[in-house]
Structure formats: C-alpha cells, structure tokens
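What follows is a single structure, written as structure tokens, with notes after it.
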Amino acid sequence: MFHFARAMLENPKDMTNVHLIYANVPYEDILLKEELDSLVAKYPGRFKVYYVLNQVCCLSHVAIS
C-alpha cells in the first residue's frame, strides 16, 4: 500500500485523495510509520493515515493526533 500511495501522490497528473486505515495489534509492529508520516506531511491535503490498534497498553510515549 505504501508504494501504491506514493506512486499516486508523486504523479503530478493524479490528484486522487488517499485515506489509509492501518490496523495492527501493538504500536511497535507498525511498519513504515516514519515513511507514511512523511507522506502525510508532504501531501497534507491529499494523504491521511488512520492508525488503529488492538492493543494500547503502553502508549505514554506516543503522540496521538
């Protein structure tokens, strides 16, 4: 999904808005989080990521927005 979203966002002719729901069990198992967050920062009006966790025992170090 990361490659698919990046290809669409980097194509200047494609103005598709992308909403990615990323479901995982613990926070630590989220793959490519930094890369996904950088796409959100680079394309704020076109790309959004929603992180959904099944296990939220230790999120005191995580900023949730």
Side-chain angles (χ1 to χ4, degrees):
M1 293 308 298
F2 171 75
H3 293 287
F4 179 71
R6 188 178 68 181
M8 284 193 321
L9 295 167
E10 291 177 351
N11 180 350
K13 294 181 181 180
D14 190 342
M15 298 313 299
T16 302
N17 293 325
V18 180
H19 293 249
L20 175 65
I21 300 171
Y22 194 136
N24 217 322
V25 177
Y27 174 82
E28 295 78 19
D29 287 351
I30 297 173
L31 301 175
L32 298 170
K33 184 174 185 325
E34 290 181 18
E35 291 85 348
L36 290 168
D37 291 345
S38 71
L39 287 177
V40 171
K42 190 173 182 179
Y43 303 98
R46 295 185 50 214
F47 187 61
K48 294 184 189 250
V49 179
Y50 304 91
Y51 297 101
V52 180
L53 301 175
N54 189 30
Q55 190 179 81
V56 291
C57 71
C58 305
L59 288 180
S60 61
H61 67 285
V62 177
I64 300 176
S65 58

Please identify each residue that fulfils salt bridge (Lys or Arg N to Asp or Glu O under 4.0 Å) with D37, with sequence neighbours left out.
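Expected list: K33.
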[X] to [Y] - nearest heavy-atom pair and separation:
X   : Y   : result
A5  : V18 : CB-CG1, 4.4 Å
E10 : P12 : O-CD, 3.2 Å
V25 : L53 : O-CB, 3.8 Å
F47 : L36 : CE2-O, 3.7 Å
R46 : L9  : NH1-O, 3.3 Å
D29 : N24 : O-ND2, 2.9 Å

Quick one: does Y22's side chain have a donor or acceptor within less than 3.5 Å of a partner on L31's backbone?
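Yes, Y22 side chain to L31 backbone: donor-acceptor pair under 3.5 Å.
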About how many Å separate CZ of F4 and CG of L20, when rounded to the nearest 0.5 Å?
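With rounding to 0.5 Å, CG (L20) is 11.0 Å from CZ (F4).
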Apart from Y50 itself, which Ile, Leu, Val, Met, Phe, Trp or Tyr residues share its cluster (side-chain heavy atoms under 4.5 Å, direct or through members)?
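Y50 shares its hydrophobic cluster with I21, V52.
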Is it the case that atom NE2 in H3 sees more than 12 heavy atoms from other parts of the structure closer than 6.0 Å?
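Atom NE2 in H3 is not crowded, with 12 or fewer foreign heavy atoms closer than 6.0 Å.
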